[in-house]
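Atoms within a ligand are numbered from 1 in the order they appear, just like the ligands themselves. Residue numbers start at 1 and run along the sequence shown.
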Amino acid sequence: MHLLTQARVRIRSIVAFSLVFAAPAIVMAAPVKVVVPENASPRERFGADRLQAALTANHIESDERIVLGLRSLPAVEKYKLLPQLWPGATEAFVIKRIGNQIIVAGSDPSGVLYGALELADRINQMHTLPKEIEFIDHPALKLRGTCIGMQKPEITYEDAQYDYPYTPKDFPFFYDKAEWTRYLDMMVRQRSNTLYLWNGHPFTSLLKLPKYPEAQEMSDAQLNQNIEMMRWITAEADKRGIWLLQGFYNLHLSHAYARAHHLPYHLVNPTPEAIEYTRYVISEFIRNYPNVGLMMTLGEALSPHKGVELMTQAIIPGVKDGMKALGTTVEPPIVLRDHATDIEDVLKASKPLYGNIDTLSKWNGESLTWTNDRGKVLDRFKLLVENSNVAVSNVHLLSNLEPFRWGDPDFVRETLLNYQRIGIGGVHLYPLRYWDWPNAADKTEPLLYQPERDWIWFEAWARYAWNPNRDPQKERAYWIQEFAQRFGTSQAGEKLLDAYTLAGPAQPRLLPRIGITEGNRQAFALGMTMPELIDAKRFGPAETLWTANAPAGERLYDYVNHEFHHQPHQGETPTGVADTVTKGAEQAYEAAKAAAPYVKRNKDEYDRIVSDMQCIWLLMQFYQAKTHAAAEVMLFGYDKDQQHLEKADSLLASSVEFFRQLTAITDKTYRNAAGMQTSQRQIPVRGGPKTNHWRDLLPVYEKELAAFRSRLKSMNDPAALAEAQKPVERPPQVAFQLEPGSGEAFTVKAGESIFPDGPQQIASVAGELDGMHGIRVSSKGNTPVRFTLDKPAQVLVGFVRKGVNKAGPQNADAENWNIVLTNAVALKGAPALTVWAAPLSAGRNELDLGRGSYVILGFIPQETKVKARINFSTASVDGEPPNLDWMFED
Ligand code: ADA
């Protein structure tokens, strides 16, 4: 049996125990000794340091000893009273007092670290060593961690999405050792064990690549600095039990390499040379960073069905080449995302080749939505749980929460309980503001550091990833205490926790009922226009994961349809949810304000919380008024009762007023709303730095109200109405000769079908089009229409997309098309068609509009101006309301 070496020195230091030398233990009144094995890993030593710091800070002096070590070490095994850990335990530990010794034994070095931290926490709370202790613990989830985007709010590098070379100019935090220490300390405090860095093609920022000198994208000096930093970060992370992973997208290339080889920066299909290059960079990565993991997004650029090829021909062979160079047969874990790739095929093809694959999938799309019953997402996770080592849930972008504070521990706990139930083994957490790391959006000098500002976000996920099976009542007390530490008193803590939890459901519940998408295409904090609310399907995919997974309920079009037909509503309604979340947000604001007398510390941050709660309430009031206004306008579409418009008028006016107040506050408190500033953002308006503040949107909403009011005025003005209802004349036509192949000439009039082979019949036609010569095309075909025009013309086309009003062209030259008439052709049982026009030249034309879900309604001379107007006469056939955007547009 091995004995511990004795320690007689009266200094507060960590003592190593040797497994070789044996000597009697001599006990002396002295500072408490922390004893670690001589060959302890940096991780165990780090734990011992933390323990020692706790003893020192609490001035604990006694002749007791704390012994740290692996449970399996003979020196630990000798403590017969120490409970065993179970076979296969990982990151687990046992702490037990035996006489005047406290033994902290881990299943592995992480277990020792976590045991030491647990004991240190207890010492810090009790200011003494526990008199009695026997405690065993281990994490519920195997992989628990966060990510950092090595990505910027704007696309800055040669127009290439996700590609950003690592440089001090773009990523100052990457080179800041003090900041890393602060961040990694937070992670270890929260017992997180994985940190992912996201980037498009990080390899030329971190590797020398001798085989491809033409791929080098930065100076040698910069590359050396990056390599040194990466090694330092990895070692610092490792000490704290954290595994660093580097993410990359496919198939992205070094831009320098791509230019030299005449390839695009991003490939849809892998070429043999790009496969070879990728295999090489992966192998170099494994060789140079044996302790850094790889996380890959096979898709977006790469076509989904090419994932198999890339994985089996480049990535797995690359990892194996790297292993060979290292002389190891131990397969390092690789983390495979299911995003934009045929994941089932990839897993099937990869599993026989490589045994150590973890998977990562989005739990929440790109916004937080309020459900823990995850429909299709659940099916996806079941597949991943079954087919990979660890299936990790990615809490991805939080586009609907930005930029306000968010932290509802109950919701997070329930989510983690679901992970446990499903068998999800990991969580990979995005920060609330991903694209602008590490800065918060608050307009402060200096900028706020996200891990501090959003402490509850990080802490709640990590706490429940460690253990979600905690008593809700005790948890409440825990979080009150956490707030109390920051703001001075538990009364303040209680009120602030109430504020956060009451505000929690606001954006997550409302978005699925009225929003366009859970994607980062929408910045929910900036509001929505009336057409977006009324006709949401036109602005986004008809169904995304979140619509499939949101609690059962209605969207506005279902809601209004049921109202009009006096049918019962089904599940949640948009107006009902808007009302509920507005009430909750009001209570949150009240709770936050009520904390004021009890706040003794951090006054500035407290004021910012109150302001955020007010902003969320104003935003909810904006949406509440506007959702009700949209419902009224849509009801008018059905019954033509102008009283709806009058109600809508005052609701719309108050929504603008709420937005004005929101603008007045955020003008002083926020730099902007969304972290992402690219044109990828489309809702409520196209993204960019100039459309990213409430002050940029206020004029949009004011204009919308003014347009609505002027429409209302003309609808109530008999002269204007008479003018609008005057019969309109058909413009001159341009003759055409249709070539055989696809399409059939027809006369546009009531009773005709818009497809030669489909049922869709015209109910009525606006005067401009009545009697025009058009071409109808098979709804199943996909062949271009070929015809000859006598002279330059505009072709008039109506597009049919199921359930979508005002559907427009979806092909590449969409910008050549303009709307000339809304509700121009009423169809039986389908929304009325909107007419779009595009210029065509004289002579032979080939019009390729994809699959035949369109109809050509005629050709008019190029110079003829059709006055864009809304056509009333075709409205509301078979209960389908007309398109109503015109009421809000100039
Ligand atoms: C979407 C999103 C991107 C990124 C991506 C991904 O395309 O717009 O910002 O998050 O998904 O990798 O999941």
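- Between His201 and Tyr157, the distance separating the two ring centers is not shorter than 6.0 angstrom.
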Any protein N/O atoms within less than 3.5 Å of an N/O atom in ligand 1? List the atom names and distances, or say none.
from: ligand 1; atom 1: 7 (O); to: Glu300; atom 2: OE2; distance (Å): 2.6
from: ligand 1; atom 1: 8 (O); to: Asn520; atom 2: OD1; distance (Å): 2.9
from: ligand 1; atom 1: 8 (O); to: Asn520; atom 2: ND2; distance (Å): 3.2
from: ligand 1; atom 1: 8 (O); to: Gln680; atom 2: NE2; distance (Å): 2.5
from: ligand 1; atom 1: 9 (O); to: Asn520; atom 2: ND2; distance (Å): 2.9
from: ligand 1; atom 1: 10 (O); to: His396; atom 2: NE2; distance (Å): 2.6
from: ligand 1; atom 1: 11 (O); to: Glu300; atom 2: OE2; distance (Å): 3.2
from: ligand 1; atom 1: 11 (O); to: Lys362; atom 2: NZ; distance (Å): 3.2
from: ligand 1; atom 1: 11 (O); to: Glu366; atom 2: OE2; distance (Å): 3.0
from: ligand 1; atom 1: 12 (O); to: Tyr249; atom 2: OH; distance (Å): 2.4
from: ligand 1; atom 1: 12 (O); to: Arg337; atom 2: NH1; distance (Å): 2.8
from: ligand 1; atom 1: 13 (O); to: Arg337; atom 2: NH2; distance (Å): 2.8
from: ligand 1; atom 1: 13 (O); to: His339; atom 2: NE2; distance (Å): 3.4
from: ligand 1; atom 1: 13 (O); to: Lys362; atom 2: NZ; distance (Å): 2.8
from: ligand 1; atom 1: 13 (O); to: His396; atom 2: NE2; distance (Å): 3.3

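- In terms of the side-chain hydrogen bond (donor to acceptor under 3.5 Å, both in side chains) criterion, residue partners of Glu284 (sequence neighbours excluded) are, by chain and number, Arg287.
- Ring geometry for Phe173 against Trp437 counts as perpendicular: the plane angle is over 60°, on a 0 to 90° scale with 30° as the lower cut.
- In summary, Arg259 and Glu158 engage in a salt bridge, as defined by a charged side-chain N under 4.0 Å from a carboxylate O.
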Enumerate donor-acceptor pairs with a distance under 3.5 Å from any side-chain N or O in residues 340-347 to protein atoms, sequence neighbours excluded.
from: Thr341; atom 1: OG1; to: Pro304; atom 2: O; distance (Å): 3.3

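- In this structure, Arg681 has no salt bridge (Lys or Arg N to Asp or Glu O under 4.0 Å) partners at least two apart in sequence or on a different chain.
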